[in-house]
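Worksheet: the structure to be examined is printed underneath.
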Amino acid sequence: MDIPSKYDPKRVENHWYDYWMEHNYFFSKPDKREPYTIVIPPPNVTGVLHMGHMLNNTIQDVLIRRARLMGKNACWVPGMDHASIATEAKVVAKLKEQGIEKADLSREAFLKHAWEWKEQYGGVILEQLKKLGCSCDWNRTKFTMDDDMSASVIKVFIDLFNKGLIYRGYRMVNWDPEAQTTLSDEEVVYEEKQGKLYYLDYPIEGTDEKVTIATTRPETILGDTAVCINPNDERYQHLKGKQVVVPICERVIPIIEDEYVAMDFGTGCLKVTPAHDENDKQLGEKHNLEIIDIFNPDASLNSFGMHYEGKDRFVVRKAIVKELEEKGFLSKTEDYINKVGTSERTKAVIEPRLSDQWFLKMEELARPALDAVTKTGDVKLFPKKFENTYRHWMENIRDWNISRQLWWGQQIPAFYYGDGEDDFVVAATAEEALELARAKSKNSELTSASLKQDEDVLDTWFSSWLWPISVFGGILEPDNEEVNYYYPTNDLVTGPDIIFFWVSRMIVAGYEFRNERPFENVYFTGLVRDKQRRKMSKQLGNSPDALKLIETYGADGVRVGLLLSSAAGNDLMFDEDLCQQGKNFANKIWNGFRLVNSWEVAEIEQPEASKMGLAWYRAKFNQTLSEIEDHFSKYRISDALMAIYKLVWDDYSSWLLEIVKPPYQKPIDRKSFDEVIDIFEQNLKLLHPFMPFLTEEVWQYIKTRSPENALVISEWPRVQEADANLIDSFSMAAEVISGVRTIRKEKNIAMKESLDLYLINEEKLSSNWDVVIQKLTNISSVSYVDQAVEGALSFRVKSNEYFIPVKGAIDVEAEIKKISEELKYTRGFLESVMKKLSNERFVNNAPEQVIAIERKKQADAEAKIETLEKSLASLEG
RNA sequence: GGGCGCUUAGCUCAGUUGGUUUAGAGCACCUCGUUUACACCGAGGGGGUCGGGGGUUCGAAUCCCUCAGCGCCCACCA
């Protein structure tokens, strides 16, 4: 039977994924085993697979698959996030294409469209994750707007409201005029923009004098309700108690005094617009100023904008500057770079806006979550550096604006029965609300028709912060079997960009609603960038098509490529060459299998070389395995993979297989063969979390396996003691092999021409390795001698000296040169050692062990120098 | 403006409490090779005064100071 020399991922990947699904290997339910749980960071329902997802989910799959192999009850919960702003924007855009305006639809009609959209387009990404090999328990797929998930959100809202932690407030919020909704502070991105500072003259009422203020937003003068000076400002003492006239609208406003004003910025005179600036609003409250809101929700001017009514704020800015200039109010303009808040989602410039919003008090809630990371270590962040970021945030936490002026999401369960500030109740259903409202208003005449539910929905993160609990029903049924078994989860893998949005809030929710951490470890991946360190983005078009990559390199190749150079928290400079490396590795493993598979087995004696090689590999394997375990324990996934990569490529393929390989067209002995197969299977187990498809394919090719014996559910090898002596002595033998190969190469001696090897065994190296050396270098005899062999090529390993007599004259001069160089290096080395040893203070202060090491170095170097000098003398003599 | 972090071979990074050869890996590079698993390969090789300067120490890539460059987070005085 012919096996192709190239591994073809396309041929096998779908097959094995179907096989895994068919046999329910990813399915998890509570049992006696130890659980190992990961909840997926739910991708947006609008999302398509990009490189960030690939990296993130590959890491999760590695962790889950390894846990499964370790005999744990591995449970990876997949799902999607309803992503209110993003999704609503997509649906609005789609409707617009069909000529439908959201404003013309009822809430119910819009939501119907939204759900239709979700059913039709949503969740593509989950199908794509399957292509990547993700072993999620798909039976558990959750959506943050599933009935039970929404019910959990509402329950939590009511609970927090009843605890007095949720309040309604008329506050300055970040308004996105394009999406026409509020954003939380975290959703605002500040960008440096070249702007101008306009100096405007305000006439002082009843005089010919004027006062000059500086502003970046001249259009807001129509909302001015005061001018403020610093009471300590010598320049403006004469203005105290006076009033000024606002240009254009000619409103008369007071001059107030407050130390808040910086005397050294601008003119030291500040215009106060309480409706459109957070600081101005605070000034306004302090000084009882009128609030004049001049904007419509879309940031066009309203009737306070006078002749600018209906025009956009930026249009008005230009126009009003012109008008001010014409009328002589503009004294000068300066270039000014300021940071402008923009919407993370729509990129629109944020407008500070006063409105009724819902807030969650965070300070008290945050405390246990802060301690869990910074004090008790109940929650560990990888890499650790993010603990600082986290601490800083949690220590300065602000109240969370949880209302959004959207329809797609969980509608806030507040019901109004009157116009008073406090005329509302919070309840899960309209019926309960009515009952509460009747009691609260002491009006038994109230009917459901007179109740009006709050129009707004809750911030998407207000549902996803419950994710690790709510996916197991832990909010609605806090004592159910599932949540008791799976919660707290083990590892969370996500990006550092959502540490505040999501990670910190989940920790808060965990302690508040279950009195327990939501997860033990958080692994932060880096950002996937391109070769030039640019972020991957649609606009730049530098983001490769994820599915195309899988098509080209195979899922395993892409997984390995992504993982090879991505330490936790480090950005990954993605380059397709990495996937090529992954693909090459897959092929290497494939061919390692092909070779073994081609061997004919016979009942013959096991060659000594094979016996040695196999014993050595066992030791090497165990040594590497313990390194791998160490890497995993520190979440150094790339390092773990690299260790396996080298084990399989170098130790297994290049050394072991070459050592045990039977001569051409000769059979291999049964014992060696069985052992190689066993070793290969152990390798496949280590590789499986990283390269699930290839390894399962090969695993099932080696032997016929029943579904109970699939690789995906086999057993992760246990660390056994590694024989360090075997490893050391082999590495010396490997150097000898390398020495012979170098000579062959330098002298152009073909491999098929056999050679004789002589050695002066100063190191007392065991002769057991001779058979291995002979086999790998085609040496026909090894002889132990006391003296240098005349007229032979030579090389040294430590203080051992090796000689290979060759036909014809050797190039004495070249030999002398080579030896002289080696001598020079060794003498230099010895010198550096002696410098230390002859330093009294070193000898007196350094630990004994360190001195012993230096003495050993000295002895080795001296022995080697002696050898080299002898060789040199004999050559020159 | 405040805070955190980074700077080690061409590239991406290791280097664990300062001491195991005058610094390691993978990739890339160079040379040779159609050896009967694999050219998606094999063998061999070159390449770094550990960002600059100063200090502590018997000893510094590793600790301290300083300068330079880069990145991230937070704040946001018109």
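These numbers were taken from a predicted model, which means no experiment stands behind them. Order of the sequence lines fixes the chain letters, A, B, ..., with proteins taken first and strands second; residue numbering starts at 1 for each chain.
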Applying the Watson-Crick and G-U wobble criteria at under 3.5 Å, what pairs with [N]? Answer none if nothing qualifies.
{"N": "B:rG69", "result": "B:rC6"}
{"N": "B:rA78", "result": "none"}
{"N": "B:rA61", "result": "none"}
{"N": "B:rG24", "result": "B:rC13"}
{"N": "B:rA39", "result": "none"}
{"N": "B:rG44", "result": "B:rC30"}

Revision key, fill the gap. Readout for nucleotides 6-13 of chain B: B = base within 4.0 Å of protein heavy atom, S = sugar-phosphate only, - = neither; 5' to 3' it is ------SS
Tabulated below should be each protein N or O lying under 3.5 Å from an N or O of nucleotides 43-50 of chain B; please produce it.
from	atom 1	to	atom 2	distance (Å)
B:rG44	OP1	A:S738	OG	3.1

Any side-chain N or O of [X] below 4.0 angstrom from OP1/OP2 of [N]?
{"X": "A:K6", "N": "B:rA39", "value": "yes"}
{"X": "A:Y260", "N": "B:rA78", "value": "no"}
{"X": "A:N388", "N": "B:rG3", "value": "no"}
{"X": "A:N279", "N": "B:rC77", "value": "yes"}
{"X": "A:R636", "N": "B:rG15", "value": "yes"}
{"X": "A:Y645", "N": "B:rC27", "value": "yes"}
{"X": "A:K588", "N": "B:rA37", "value": "no"}

Exercise for review: Decide whether A:T220 and A:K271 meet the rule of one side-chain donor and one side-chain acceptor closer than 3.5 Å.
Suggested key: yes
Mind checking the [atom1] distance from [N] to [M]? Whole angstroms is fine.
{"N": "B:rC32", "M": "B:rC70", "atom1": "C1'", "answer": "42 Å"}
{"N": "B:rC67", "M": "B:rU20", "atom1": "C1'", "answer": "35 Å"}
{"N": "B:rU8", "M": "B:rG48", "atom1": "P", "answer": "15 Å"}
{"N": "B:rA9", "M": "B:rG51", "atom1": "P", "answer": "8 Å"}
{"N": "B:rG18", "M": "B:rG10", "atom1": "C1'", "answer": "30 Å"}

Check your understanding: Do A:K836 and A:E854 sit within salt-bridge range, that is, some charged N less than 4.0 Å from a carboxylate O?
Key -> yes
Length of the line joining [X]:[atom1] and [N]:[atom2], which is rounded to integer Å:
{"X": "A:K856", "N": "B:rG19", "atom1": "NZ", "atom2": "C1'", "result": "17 Å"}
{"X": "A:F386", "N": "B:rG71", "atom1": "CZ", "atom2": "P", "result": "16 Å"}
{"X": "A:E822", "N": "B:rU22", "atom1": "CD", "atom2": "C1'", "result": "16 Å"}
{"X": "A:K661", "N": "B:rC41", "atom1": "NZ", "atom2": "P", "result": "15 Å"}
{"X": "A:I589", "N": "B:rC38", "atom1": "CD1", "atom2": "P", "result": "17 Å"}

Practice item. Measure from the side-chain heavy atoms of A:V261 and tell me the nearest of B:rA78, B:rU22, B:rC40. Key: B:rA78
Exercise for review: From the options B:rU21, B:rG26, B:rG42, select the nucleotide whose nearest atom is closest to the side chain of A:D650.
Suggested key: B:rG26
Practice item. Spell out yes or no: do the side chain of A:E278 and the base of B:rA78 have one donor N/O and one acceptor N/O closer than 3.5 Å? Key: no
Review point. According to the interplanar angle, ranging from 0 to 90°, do the rings of A:Y701 and A:W590 count as parallel (below 30°), tilted (30 to 60°) or perpendicular (above 60°)?
Key: perpendicular
Could you list all N or O pairs between the protein and nucleotides 55-64 of chain B that sit under 3.5 Å apart?
from	atom 1	to	atom 2	distance (Å)
B:rC58	O2'	A:N839	ND2	2.7

